[in-house]
Amino acid sequence: MSLPVTAQHAAAGGPADETASTTGADPTPHAAWLPPEVFRPLGTRRVLVHGAGLLVDTVFAEVVRACAGHGGRVDRSAAGPSSAAAPEHGAAPPRPEGEPAAGPVDLVLALRGPHPLPPAVPPGAAAAPAGDDGPLGDEGFLSTRVDGVTVVLADAPAGLLYGLFHLVRLGEAAFTGDRPARAHRPALRRRMLDHWDNVAVHPDMGQVERGYAGGSIFWHDGGPNGDRDRLRAYGRLLAATGVNAISVNNVNVHATEARLLTDRLDDVADLADLLRPYGIRVHLSVTFAAPVVLGGLPTADPLDDRVRDWWDETTRRVYARIPDFGGYLVKADSEGQPGPATYGRDHADGANLLAGALARHGGVVHWRAFVYDHRRDWRDRSIDRARAAYDHFAPLDGRFADNVVLQVKYGPVDFQPREPVSPVIAAMPATRLAVELQVTQEYTGQQWHACYLAPLWSEVLDFRPWGPPERTVADVLAGVPGPEPRRDGDLVAVANVGDDRFWCGHPLAQANLYAFGRLAWDPYLDPAAVLDEWIDLTFPAPTVGDPALVRETLHAVLDDSWRTYERYTAPLGVGFMVDPDGHYGPGVDGYEYSRWGTYHYADRDGVGVDRTRATGTGFTGQYPPPWSQVYESPERCPDELLLFFHHVPYGHVLHSGVTVIQHIYDTHFAGVEQVGAMRDRWGRLAGVVDQGVHDRVAERLDEQLRCAIEWRDQINTYFFRKSGVPDARGRRIY
Ligand code: GCV
């Protein structure tokens, strides 16, 4: 189906992927959004850390490191360090419980609890903010600044860690003037990255399926990657964004990877040990056939007692080894992965089997709704892949155990740059849901193209599945009560990280990883504001030649980059005009006569997929009103989704006032111009930002421009030849 990752760009005519690793980790990873400079405001202060626990140790170590680098001082009081580490440079030895820290302090990071707060916390600083005296929970914190002392309070160690990184984001502002007390809590309980990393190199998919950033940071050629410093650095970066869960292997579980559950469990435990200090729980992708392939049973039937016992016992062993193990992630009956259908059982039977084994240990099963027939006949226009997830899962609403999280891709097909929001979200009010995003840029330029995805994700999170004024997708995930009982969910994304020096291949793709974590913490954040945070952290003002130019340039390059990508690729939501060999670059008919169920149906008269109830596949009927009506009607359907829902003539006039064919030409010419402008803007940062970053981004923008031109010319030429309609502005089409 696809070329190995290392060959993809060569096949696409692009440059060889020099981020692809054959030797393991790069020795000098880029600091990303945690360069030493961002710790200066904190590291020049007199700090008191109060409390005990592994994550308080992490907070303390962070402050020690910051103070060592910037000349500040740190004390630790109350119960003292939980692990008896020797005091490091810049750190005073821990004080016995109750003994006040010496001298005045500028910052207190304190765990509330059985111990009294240290006297350094000014009177009034511990008071709950007006109108918000609810519990802080396991991850929340309270921040304030009173009488010249900045105070962060939490009820559990993870809250203190998130409070610390909140201060890092605030920078000097955290230590200026008074700041009213404010409680911070994550809107979503689980903020999870799924790594599609293979333990053994897969003959087609390589070390990381859909990975564009070198090798895996977890695995190398059949074994652990072994770069423990790199993994700690990764955990630290993720904690700073708010991510608190990771699955460490591909959802396509091959033979070696299956064994992580049993005889390779030590490898998983090791990762859990490395990530635990950053508040991250490890999850595992498992094969539904595990009782057969690992347990030697004749069946994996979810209703068979032997199978149930096998999962119970196997899971018990997992928790004996990793007490805070997060749970299982399962791709079942999808793209060749085994599942309950083999035994005539449904997805609820399958998911509940694993949920039962996990429940007594506090674990969850993420069961993916990405299920469709990948062996269909392109001649049969009655089958519609977009319908599949709803058809499989909506009838099962209410049957899933409470610790099953049904993981739904944001669109009904497959991570295209433009899709409607999946109808499954509205259809399953009695099921706990996770929305799955794709940070790895499989269909959005593979980290060779600058494409800031937070605006796309925000559109999904802001979508109202039942129409205005009902709840948004973000509200559903945050557990905002609706007509049915409160049932909160997760935000999950496929990770974009590898052992590349810049973590993501493209240094600007770091912004996507950062933004995912921040939106998972607070899905109501504005993508432009998140980008500002990322810029401030990644390019701290004192380290760049011209901070205003850097900010302006990064906004100019990234703010609209997702829509720019959309302009020069498949038009108006039609999707899947990519090269099927690796999904990079154009392949207008690449999937048109294939078995994968992704067609555009362009002919001499028109283009698009008729998904109406009146004359098409009926997919529009999977939405509740008003969307079922809006999408059904070519007049009311939003322009950007027109070809997802309708097959229209080239002369169809859009709301924008231009015809479909002219829109195709105009957007493709405009998209290339915009990439040219992005490249020119970036050129102005030569000598202003770090040379290595500049060179890598410049190289990628060159390739983005080459590839955008290829997209433009292939798409425009294809539609000109199909339709015979010339460009109204007479531009060159081949
Ligand atoms: C992990 C798409 C990708 C596959 C991926 C699949 C999925 O089809 O191309 O590589 O498999 O999605 O989400 O499971």
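For ligands, and for the atoms within them, numbers begin at 1 and follow the listed sequence.
For ligand 1, the atoms lying closer than 4.0 Å to a non-hydrogen atom of N252 are 1 (C), 11 (O). Close contacts between ligand 1 and V251 involve ligand atoms 1 (C), 14 (O) [criterion: under 4.0 Å to a heavy atom]. Per-residue contacts place F370 under 4.0 angstrom from the following atoms of ligand 1 (heavy atoms of the residue considered): 6 (C), 7 (C), 8 (O), 12 (O), 13 (O), 14 (O).
Contact analysis puts N250 in contact with ligand 1, with a non-hydrogen atom separation below 4.0 angstrom.
Below 3.5 Å of separation, one finds no N or O of W196 facing any N or O of ligand 1. The distance criterion of under 3.5 Å between nitrogen or oxygen atoms is met by R210 with respect to ligand 1.
Once rounded to the nearest 0.5 Å, the distance linking CD1 of I280 with OH of Y234 reads 8.0 Å. Remark: F644 CZ to L572 CG distance equals 13.0 Å, nearest 0.5 Å.
Among E209, K409, K331, the residue whose heavy atom sits closest to atom 12 (O) of ligand 1 is K409. Comparing H583, E436, E442, R368 by heavy-atom distance to atom 3 (C) of ligand 1, the nearest is E442.
Across every non-hydrogen atom of D197 and I217, the tightest pair is OD2-N, 4.1 Å.
Take R432 and apply the side-chain contact (heavy atoms from CB on, under 4.5 Å) test, not counting sequence neighbours, and it matches R189, D402, V405, R487, D488. With sequence neighbours excluded, no residue forms a ring pair (Phe, Tyr, Trp, His ring centres under 6.0 Å) with H646.
By the 30° and 60° cut-offs, the orientation of the rings of H347 relative to F393 is tilted.
Considering D384, T617, T620 in turn, D384 is the only one that fulfils the side-chain hydrogen bond (donor to acceptor under 3.5 Å, both in side chains) rule with R611.
When heavy-atom distances to ligand 1 are checked against a 4.0 Å cut-off, D414 comes that close only through its side chain, counted from C-beta outward.
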